[in-house]
2 protein chains.
Amino acid sequence: MGGFVNASENIKEAAKRVVGEFTGIDDIYLEQVGAYGDINRDVERVISIAYYALVDINKFDTSLAEKYDARWARINQMPELIFDHNQMVKDTITQLQRRASVKPIGFNLLCDQFTLPTLQSLYESIYQETIDKRNFRKKLLTMEILEKLDEKDKSNSKRGAFYYQFNKEKYDQLIEQGMHFSL
Amino acid sequence: MGGFVNASENIKEAAKRVVGEFTGIDDIYLEQVGAYGDINRDVERVISIAYYALVDINKFDTSLAEKYDARWARINQMPELIFDHNQMVKDTITQLQRRASVKPIGFNLLCDQFTLPTLQSLYESIYQETIDKRNFRKKLLTMEILEKLDEKDKSNSKRGAFYYQFNKEKYDQLIEQGMHFSL
DNA sequence: GCAAAAGTGTTTAAAATACACCCATGA
DNA sequence: TCATGGGTGTATTTTAAACACTTTTGC
């Protein structure tokens, strides 16, 4: 999705506004990918600044997007885009992968509580490769930034998977102590 | 240094042109840092796109820069800058550190031939920490992307240090095989 | 001969990886 | 009872980190 920057807003505010118009979500996590300004990329000269947003898909209302003719696409099955938009998507994925290995941005994509199998499949989507579940759980749990809850999610299995929640205070504390998060 | 994007050039070309005007170097390695557009960052509304350049300091003519009132500064002793330029410098260093750990960008900062002590002190500057020279050399040499030459650089010691050169073919080949470079 | 930088290996600790079985439960 | 996804531990390999002495040579 895209739009223009108004004179009265900074560029991140503009991006937030556009996302809000398309999705109805007004408090959203955004990170800048970069600026794109090939001279022949549009009829008129346009410089685009690309952002990616991390959205909790459960909270997402798709009807608004459809009004604007916006579509969901899987990254494996991306349609061909106009101008340098293919490059934008490619760069976005690269940056997402790099940042995901340094920051726990995965948690922005999920509800407050989530199961470990869900979190794992999220990371598998980001990195486009499978992860051993024992190693994944070990790594996460030894960081001690997750809190196990008592409830289970039974939507994916009969046994059910325990919910966890991200402990941001603990995380911030570890960062301050110079800990290098990596997944 | 800074300048404006002309209607007839893309944004990277504009950055190259500006660097050329300030330094006399017209073929330069540039990477984009990002776009900055706080609304109160200037008298008129300006959106800046920041780039960093990697320059072989030996080839650099400082007289041109001085004409434009541009100055060299050590990152440890940066003066306070206007608007959001401090943030730009901060982000640049962060990005440089991240990219340096993934790409052998260090080699763009040196002449074709360089000594290992020089390369090491370059990386020490980038990461702002000292590195054990035995571990550094081991890591680099086991990658087999450097070729030892017969000549020595005697400018820094009586004994002299052997020159090496970067083997880009070998490096590209390793990348293609899925090798993950990291320093 | 001595100061100053270049060069060289080994040992230890930590982190990543590979791998296979039992558990709980709804149908 | 059985099919399905959830959960658990250990052994091995790889990688990172710590560490000290010898070499060369211009002065």
Side-chain angles (χ1 to χ4, degrees), chain A residues 97-98 100-102 104 106 110-111 113-165 174 177-183, chain B residues 97-98 100-102 104 106 110-111 113-165 174 177-183:
Chain A
Q97 290 175 339
R98 284 212 196 117
S101 72
V102 170
L110 302 168
C111 329
Q113 48 184 45
F114 48 83
T115 67
L116 292 184
T118 306
L119 187 62
Q120 178 172 346
S121 66
L122 170 62
Y123 273 94
E124 288 177 336
S125 305
I126 293 175
Y127 292 121
Q128 295 280 291
E129 60 187 17
T130 60
I131 306 172
D132 179 284
K133 64 179 168 178
R134 282 168 292 191
N135 294 336
F136 180 78
R137 298 169 89 95
K138 203 188 314 166
K139 209 163 168 181
L140 262 163
L141 295 175
T142 53
M143 286 178 192
E144 298 181 312
I145 54 172
L146 291 188
E147 282 167 5
K148 190 176 181 175
L149 305 179
D150 292 329
E151 306 110 83
K152 281 185 165 188
D153 168 26
K154 296 215 166 192
S155 60
N156 290 307
S157 70
K158 292 151 190 170
R159 181 180 181 178
F162 280 105
Y163 280 118
Y164 286 78
Q165 63 185 18
L174 287 173
Q177 288 166 21
M179 188 251 199
H180 277 233
F181 184 98
S182 88
L183 246 176
Chain B
Q97 289 175 340
R98 285 211 196 118
S101 72
V102 170
L110 302 168
C111 329
Q113 49 185 46
F114 49 84
T115 67
L116 292 184
T118 305
L119 186 62
Q120 176 171 349
S121 65
L122 169 62
Y123 274 93
E124 289 176 335
S125 306
I126 293 175
Y127 293 119
Q128 295 282 292
E129 60 187 18
T130 60
I131 305 171
D132 179 284
K133 63 179 169 177
R134 282 168 291 187
N135 294 337
F136 180 79
R137 297 168 89 96
K138 204 188 311 166
K139 208 162 171 182
L140 262 162
L141 295 176
T142 54
M143 287 179 195
E144 296 183 312
I145 55 172
L146 292 188
E147 282 167 4
K148 190 174 180 176
L149 304 179
D150 291 330
E151 307 110 81
K152 281 184 164 187
D153 167 26
K154 297 216 166 192
S155 60
N156 290 306
S157 71
K158 291 151 190 169
R159 182 180 180 177
F162 280 104
Y163 280 117
Y164 286 77
Q165 63 186 19
L174 288 173
Q177 288 166 20
M179 187 249 198
H180 276 232
F181 183 97
S182 88
L183 243 175

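A note on names: the letters A, B, ... follow the listed sequences, proteins ahead of strands, and every chain is numbered from 1.
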Assign B/Asn156 to base, sugar-phosphate, or nothing according to its heavy-atom contacts below 4.0 angstrom with the strands shown.
-> sugar-phosphate
Just how far, in rounded Å, is P of D/dT12 from CG of A/Asn135?
-> 16 Å
Taking only the side-chain nitrogens and oxygens of A/Lys133, find out if one of them lies under 4.0 Å from OP1 or OP2 of D/dG7.
-> no
Looking at residues 138-148 of chain B, who's got a heavy atom less than 4.0 Å off DNA chain D?
-> B/Lys138, B/Lys139
From CA spacing to verdict: side chain to side chain contact (heavy atoms under 4.5 Å, CB included), A/Leu141, A/Tyr164 | CA-CA 10 Å; A/Leu141 295 175; A/Tyr164 286 78; 4.0 Å; yes
Okay, side chain of A/Gln120, backbone of A/Phe136: is any donor-acceptor separation there less than 3.5 Å?
-> no
Among the candidates C/dT25, D/dC19, D/dG6, find the nucleotide nearest to the side-chain atoms of A/Lys158.
-> C/dT25
Check step by step if side chain to side chain contact (heavy atoms under 4.5 Å, CB included) holds for B/Gln113 and B/Glu151.
-> CA-CA 10 Å; B/Gln113 49 185 46; B/Glu151 307 110 81; 3.7 Å; yes
Would you check if the side chain of A/Lys152 reaches a backbone N or O of A/Tyr163 as a donor-acceptor pair within less than 3.5 Å?
-> no
Considering only heavy side-chain atoms of A/Arg134, the closest of D/dA17, D/dT8, D/dT25 is D/dT8
Any donor-acceptor pair under 3.5 Å from B/Thr118 side chain to B/Phe114 backbone | no
Taking all non-hydrogen atoms of both residues into account, name the closest pair between A/Ile131 and A/Glu124 and its distance.
-> N-OE2, 2.8 Å
Could you walk me through whether A/Leu149 and A/Gln165 pass the side chain to side chain contact (heavy atoms under 4.5 Å, CB included) check?
-> CA-CA 7 Å; A/Leu149 305 179; A/Gln165 63 185 18; 3.9 Å; yes
B/Gly106 and B/Leu122: which non-hydrogen atoms are nearest, and at how many Å?
-> O-CD2, 3.3 Å
DNA chain D-proximal residues of residues 114-124 of chain A, any heavy atom under 4.0 Å = A/Pro117
Between A/Lys154 and B/Tyr164, the residue closer to the 5' end of DNA chain C by nearest nucleotide is B/Tyr164
Here the distance between atom C1' of C/dG7 and atom CZ of B/Phe136, to the nearest Å, is 14 Å
Audit row: A/Gln97, A/Tyr127, side chain to side chain contact (heavy atoms under 4.5 Å, CB included) steps and yes/no | CA-CA 6 Å; A/Gln97 290 175 339; A/Tyr127 292 121; 4.2 Å; yes
Per atom distances to the A/Asp132 side chain, the nearest of D/dG7, C/dC19, C/dG7 is C/dC19
Within the pair A/Arg137 and D/dG7, is there a side-chain N or O less than 4.0 Å away from OP1 or OP2?
-> yes
Could you work out which one of C/dA5, C/dC19, C/dA24 sits closest to the side chain of B/Arg159?
-> C/dA5
For atom NZ of A/Lys152 and atom P of C/dC23, their distance in whole Å = 14 Å
Between C/dA16 atom C1' and A/Glu129 atom CD, what is the distance in whole Å?
-> 13 Å
With the side chain defined as heavy atoms from C-beta on, A/Ser157 is closest, among C/dA5, D/dG5, D/dG9, to D/dG5
